[in-house]
Amino acid sequence: PPPAPIMADTLAAAAAAAGITSESLDDIDFPTLLLGIPDTIEALAEASERAWKARKSYTVEIASSTVFPNLVQLLKDQSVSVHAARALRFASRGNKETLTRLVELGAVPSLCAMLRPPFHRRDHAWASATLTGLLWMSDDVSDTMLQLDVFPRLLELLKSHDHRDPDITLSEKVSGLITNIAATHNKGQLGEDLLPSLISLLPTESTVLLEQAAKALSNLAADNNANKDALVAAGVVPRFVGMLSSEEPGCREQGARSMRTIASGSDTRRALVIELGALPTLVDLLSDPNGAVCEQSAGALTNLLAGSDTHTDAVLAAGALAPLCVLLGSAKTRIREQASRAIRNITGGGEAHRETFLETGRLPRVIELLKDPDPVVALQCCGTIINLTARSDTHSDNMVSLGALDNIRDALANSTNDNLRERAAGAVINLTAGSPARQRQAIEAGLVPQLVELCHSENHEVLERSAWAISCLCREEETRGEVAEQGAIAGLENVAAVLQDAGLESLNRRLGTCIAELQTAMADMLPPKSASKVW
């Protein structure tokens, strides 16, 4: 029997409905009770859903009890399979341990079988929902589904949907399952089969089904330009634009996500998004009370800003810069990531765009975010610094005065992310280039030990950037001895040895010169030898 805190009132009522009377739940053999009593299984499914919505521990208790294996076995029984699948869906939802146990108990083949006749539409729907959760747990699940040739059946189920039918449960669950499949498998192969069926769902009046279809389409199109172009050719982008104005947060989120997908990788598609009038709404959604909507809208604008200066001009003219700067202060990491990406893209354009950003007065916030615990945010802010300091001593002096060098030192000390390390070393190069004063400030900020450590990285890009950064700090004869004392010679020699065959002739020449200069500086720092006495 399961533990006592397992929603005793619900199971007692289910037992009574099944004709079993008992003063104590401990006297009931639940595995036996579950076998072949539909009312009890349905009550258990309803209790699981209520407990999950209330975030109670009840669902975990089901998974750890003897009830769980019996529920898996009952997936094969048509009289109770839908209730068993529903109970398993909520008993395992969001819990990797219980999802793993569900797979180990052999639930995947049984759930796949429920997608076919003689099982009914409700069986198909809840089997799809449970498989959707399992797909997040392991790629083995999708591999098993491929082996069982489930995808053609999912297409059949999607094609059977009539958008005038008010019951969208089946299509919603199936499109949700396809959404997760599309996030992991060959998008080119899947796109040819799934795109037409998913597109056929878009006329639906159900916002829930519309969200799922749009999400699945975005997954299929992500990182696949052919599928993005197919969506444009099918004429569905205006439908995505319309979703931005929905009253439902989920619909707005998926509309913005679709814009983000369409706007990536092509100036032609970026121009289409702008021509369809999406910009003003996307800018407004940066202030949406729903965090997911803000994140996807910022992501869409980031991709638009990755295009030509013309696209950047359009985004700035729509008033996006001020709310994007506000989002740099968001408590939500994913929103800060997208806002910092957008600012980096803005400053990566022409000088006019860089000055426009500086006029907002938000540069101190960018400097502060160099120490953000999220490496993506810190990396993007390093990119913004690199953009702003390119060929500008004034901007470099300003950033150093705001503490950029200290924050970069802390970022390097607290992160093992190679992308961030490479970008941070690049920021040091730009900040110190051509200025003995800033080079001295970098040494005093304690950056040399951090850069020397990077010279022993296994990542070649990190090695290259850190070596260049150290070479910048010893351009002046006055600083070479101090740099050499902090281990720079051994670090640069390691870089030279690792990258000697990498074809980096300019770096190799500079390393040779720099090492020789540091060695000379070290020799000059040694005390003179005492004269030998002649006896």
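The salt bridge (Lys or Arg N to Asp or Glu O under 4.0 Å) pairs that include a residue from residues 247-262 are Arg252-Asp288, where partners are two or more places apart or lie in different chains. Applying the salt bridge (Lys or Arg N to Asp or Glu O under 4.0 Å) definition to pairs two or more places apart or across chains, those involving residues 423-442 are Asp393-Arg438, Asp397-Arg438, Arg440-Glu482. Among residue pairs with one or both ends in residues 403-420, those qualifying as salt bridge (Lys or Arg N to Asp or Glu O under 4.0 Å) are Asp406-Arg409; sequence neighbours excluded. The salt bridge (Lys or Arg N to Asp or Glu O under 4.0 Å) analysis of residues 273-282, with sequence neighbours excluded, yields no pairs. Within the structure, the side-chain hydrogen bond (donor to acceptor under 3.5 Å, both in side chains) test picks out no pair touching residues 455-464 (sequence neighbours left out).
Counting heavy atoms from C-beta on, the side chains of Leu420 and Cys382 come closer than 4.5 Å. Between Val452 and Leu492, every side-chain heavy-atom pair lies at or beyond the 4.5 Å cut-off. Counting heavy atoms from C-beta on, the side chains of Leu518 and Cys474 come closer than 4.5 Å. By the 4.5 Å heavy-atom criterion applied to side chains, Leu388 and Phe357 are counted as neighbours. Asn398 places a side-chain heavy atom less than 4.5 Å from the side chain of Ser401. With a 4.5 Å cut-off on side-chain heavy atoms, Leu279 and Leu301 count as touching. Side chains of Leu463 and Leu454 form no contact here, defined as non-hydrogen atoms less than 4.5 Å apart.
A donor-acceptor pair is defined here as one N or O able to donate and one able to accept, closer than 3.5 Å; no such pair exists between the side chain of Ser92 and the backbone of Leu99. Within the 3.5 Å criterion, the main-chain N or O of Gly307 finds no donor-acceptor partner in the side chain of Asp267. Not a single donor-acceptor pair under 3.5 Å links the side chain of Arg269 to the backbone N or O of Ala263. A donor-acceptor pair under 3.5 Å is formed between the side chain of Asn387 and the backbone N or O of Arg344. Side-chain atoms of Ser246 never come within 3.5 Å of backbone atoms of Gly242 as a donor-acceptor pair (strictly under, hydrogens ignored). Between the Arg270 side chain and the His311 main chain, no donor and acceptor come within less than 3.5 Å of each other. At least one donor-acceptor pair under 3.5 Å links the side chain of Arg421 to the backbone N or O of Ser415. Ser330 places no side-chain N or O within donor-acceptor distance of the main-chain N or O of Leu327, the cut-off being under 3.5 Å. The backbone N or O of Leu135 sits nowhere less than 3.5 Å from a side-chain atom of Asn180 that would complete a donor-acceptor pair. Judged by distance alone, with hydrogens and angles left aside, the side-chain atoms of Thr479 form a donor-acceptor pair with the main-chain N or O of Leu473 at under 3.5 Å.
A donor and an acceptor atom, one from each side chain of Ser396 and Thr389, are nowhere located under 3.5 Å apart. Using a 3.5 Å distance cut-off with no hydrogens or angles, the side chains of Ser264 and Lys228 do pair a donor with an acceptor.
The heavy-atom pair separating Ile489 from Met522 by the smallest distance is CD1-CG, 3.9 Å. Contact between Ala342 and Leu305 at its shortest, heavy atoms only, is O-CD1, 3.7 Å. Between Gly403 and Ile367, the closest heavy-atom pair is C-CG2, 4.0 Å. Between Val283 and Ala320, the shortest heavy-atom distance links the atoms CG2-CB, 3.8 Å. Among all heavy-atom pairs drawn from Pro364 and Gly361, the shortest one is CD-O, 3.4 Å. Smallest separation of non-hydrogen atoms from Ser258 and Ser218: OG-OG, 3.3 Å.
Contacts of Arg89 classified as salt bridge (charged side-chain N to carboxylate O under 4.0 Å, His left out), with partners at least two apart in sequence or in another chain: none. Taking Glu355 as the reference, nothing meets the salt bridge (charged side-chain N to carboxylate O under 4.0 Å, His left out) condition, with sequence neighbours excluded. Under the side-chain contact (heavy atoms from CB on, under 4.5 Å) criterion, Pro238 pairs with Leu276, sequence neighbours left out. Annotation: side-chain contact (heavy atoms from CB on, under 4.5 Å) contacts of Glu97 (sequence neighbours excluded): Asn95. Residues forming a salt bridge (charged side-chain N to carboxylate O under 4.0 Å, His left out) with Arg475 (at least two apart in sequence, or on another chain): none. When the side chain to side chain donor-acceptor pair (under 3.5 Å) test is applied to Arg341, no partner is found at least two apart in sequence or on another chain. Considering only residues two or more places apart in sequence or on other chains, Arg239 meets the salt bridge (charged side-chain N to carboxylate O under 4.0 Å, His left out) condition with none of them.
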Side chain to side chain contact (heavy atoms under 4.5 Å, CB included) between Leu231 and Leu217, worked out: CA-CA 8 Å; Leu231 291 177; Leu217 287 168; 3.8 Å; yes
Val428 vs Cys472, side chain to side chain contact (heavy atoms under 4.5 Å, CB included): CA-CA, chis, key distance, verdict: CA-CA 9 Å; Val428 173; Cys472 284; over 6 Å; no
Step-by-step salt bridge (Lys or Arg N to Asp or Glu O under 4.0 Å) determination, Glu517 to Arg510: CA-CA 10 Å; Glu517 291 172 343; Arg510 177 56 191 154; 3.8 Å; yes
Intermediate values then yes/no, side chain to side chain contact (heavy atoms under 4.5 Å, CB included), Val315 and Ile346: CA-CA 9 Å; Val315 173; Ile346 290 171; 5.9 Å; no
Test log, rule side chain to side chain contact (heavy atoms under 4.5 Å, CB included), inputs Gln254 and Cys251: CA-CA 5 Å; Gln254 294 309 321; Cys251 207; over 6 Å; no
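With rounding to the nearest 0.5 Å, the separation of CG in Asp372 from CG in Asn407 is 11.0 Å. Interatomic distance, CG of Leu198 versus NZ of Lys215, reported as 13.5 Å (0.5 Å rounding). Interatomic distance, CD1 of Ile443 versus CD1 of Ile470, reported as 10.5 Å (0.5 Å rounding). Here Gln212 contributes atom CD and Leu177 contributes atom CG; the two are 10.0 Å apart, rounded to the nearest 0.5 Å. From Ser466, atom OG reaches atom CG of Leu412 across 9.5 Å, with rounding to the nearest 0.5 Å. A distance of 9.0 Å separates CG of Leu324 from CG of Leu316, quoted to the nearest 0.5 Å.
With respect to Arg334 and Asp374, no salt bridge is recorded, no charged nitrogen being found less than 4.0 Å from a carboxylate O.
Here the options are Thr347, Asp313, Asn345, the test is side-chain hydrogen bond (donor to acceptor under 3.5 Å, both in side chains), and the partner is His353; only Asp313 passes.
Heavy atoms from other residues, nucleotides or ligands lying under 6.0 Å from CZ of Arg465 number 12 at most.
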